[in-house]
Amino acid sequence: MKQRCIKIARSSFFCASVLIISALVLCVGLVKTVRAEEIVCIPCHSGLPEKFSAPVKLWQKSIHAENGIACNACHGGDPKDAANAMSPARGFLGVPKPADIPAFCGRCHVGVLKNFLASAHGRALGKGGPTCVTCHGNHRVLKVTLDLINEKTCSQCHTFERARKIRDAMAQTEARIVAIDNRISEFKKTGTDTEIVEKQLFSLRNGLHSLSHVLEETKLTAASTQIDADLTKIESSLNDLTSIHKIRKIAGVIVVSAMLMTALLLHLMRKTY
Amino acid sequence: MEASRRTFLGTCLVAMAAVISAASAYPIWRYLAPRKINPADVKVGIPVKEVLEGEAKFFDYAGSPAVIVHKRGGGLEVFSAVCTHLGCIIQWEKEKQDFLCPCHGGRFSADGTVTGGPPPKPLNKLPFTVADGTITIG
């Protein structure tokens, strides 16, 4: 009997080990697949002197890297062919001149570019005014928070007073956006389908951030009112999800209790025979 | 005595089985049952004359932005105005006769197909009919 138990335990251990090893091999395989698709810019530039390798390290920490937006998305070129990666014939653009930076970034960030060009910052373009990288940095572009509007950055060119007003006009709405974003992240961890609310929130967040580039406090205040109303709708959807999760938890407890009770009843019934 | 005890336990077991069955069947029923608010049941009417040729009109459809486009040379199309990339609201570019997503530069033609940028799929078409000078969406 004892030997049989040992045999069963050994078999179980073997099966579990095979499953774990298979899972690990699968994971490594997936990682390898991603690495195999790496563009040629990264390995080449990583081995170059600091001036040329620093952008790689900075980019790796960026929101662009997080979302798979690699070097060629901005700088052009051929990321699959090391010999011709930086050939203008393959669409390589290189580093833009300061005055060309907004148009460079604006190829993707269309709405932001439009608002920026209409602003005091945009009107000062090429005359000592700021460009995208003045506030956002170049390669280490992070997910934007209100901390980006700070005295240290803004005071490079002017006093912080007006920038503070703009930041204050956005503060309340931004705080709600961040809170909702955190709630959505929590739901995602539980495997809940959050795609619709995520997209709705992204759209509102992007709308607010894009509008902030106009640098007009009144416009931001007016937009915040509309955005707040839409945020309330998202919060309502999330509250519904919370209610569903609560009901599921209660139902789970009931089912487990019922199963335990059934097991007990079966045990008692067996004793009656 | 044993028989009545057995009957009592049997009754309890049947009750437990009923509870477990109901708890198991409910999620399946919820999954298969129609949604309470079905967007297909929502109908929105817009007069044809409000959408001039070469122009687009945005409206709210089942709580989400939608757009009618009256293509140059004739023909109407109705879409969800939500970009299929990350959910921003698209804009109509009259000069180019296409849609632009202001967030990441996604472009869609007047018939909703992706012509540029990151959107992974075309705009979602909404069903509509035209009768008595009114476009009925839904």
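Below, chains carry the letters A, B, ... as their sequence lines are ordered, and counting in each starts from 1.
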Is it true that, when you exclude [X] itself, more than 12 heavy atoms of the residues, nucleotides or ligands shown sit nearer than 6.0 Å to its [atom1]?
X	atom1	result
A:Glu195	CD	no
A:Asp240	CG	yes
B:Phe58	CZ	yes
A:Lys114	NZ	no
A:Gln172	CD	no
A:Lys219	NZ	no

At their closest point, which heavy atom of [X] faces which heavy atom of [Y], and how far apart are they?
X	Y	answer
B:Gly105	A:Val110	CA-CG2, 3.3 Å
A:Asn206	B:Cys88	CB-SG, 4.3 Å
B:Arg30	A:Ile244	NH2-CD1, 4.4 Å

What part of [X] is in contact with chain B, defined as an atom under 4.5 angstrom from a non-hydrogen atom: side chain, backbone, both or neither?
X	result
A:Lys271	backbone
A:Leu266	both
A:Thr262	both

Inset, instruction - Could you tell me whether the side chain of B:Arg5 reaches within less than 4.5 Å of the side chain of A:Leu268, counting heavy atoms only? - result: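 The answer is yes, as the side chains (C-beta and beyond) meet within the 4.5 Å cut-off.
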Inset, instruction - Measure the shortest side-chain to side-chain distance between B:Leu86 and A:Ser203 over non-hydrogen atoms and say whether it is less than 4.5 angstrom. - result: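 Not in contact.
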Between [atom1] of [X] and [atom2] of [Y], what distance do you get to the nearest 0.5 Å?
X	Y	atom1	atom2	result
B:Cys103	A:Arg205	SG	CZ	10.5 Å
A:Met261	B:Leu13	CE	CG	10.5 Å
B:Thr7	A:Met269	OG1	CE	7.5 Å

Inset, instruction - Under 4.5 Å, counting heavy-atom pairs only, tell me which of A:Cys108, A:Gly111, A:Ala251 racks up the most with chain B. - result: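 Winner by heavy-atom pair count: A:Cys108.
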Inset, instruction - Step through it carefully: locate the ring centre of B:His104, locate the ring centre of A:Phe202, and say whether they are under 6.0 Å apart. - result: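 Ring centroids of B:His104 and A:Phe202 are less than 6.0 Å from each other.
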Inset, instruction - Could you look at B:Thr84 and say if it's the side chain, the backbone, both or neither that has a heavy atom under 4.5 Å from chain A? - result: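 Only the backbone of B:Thr84 comes within 4.5 Å of chain A.
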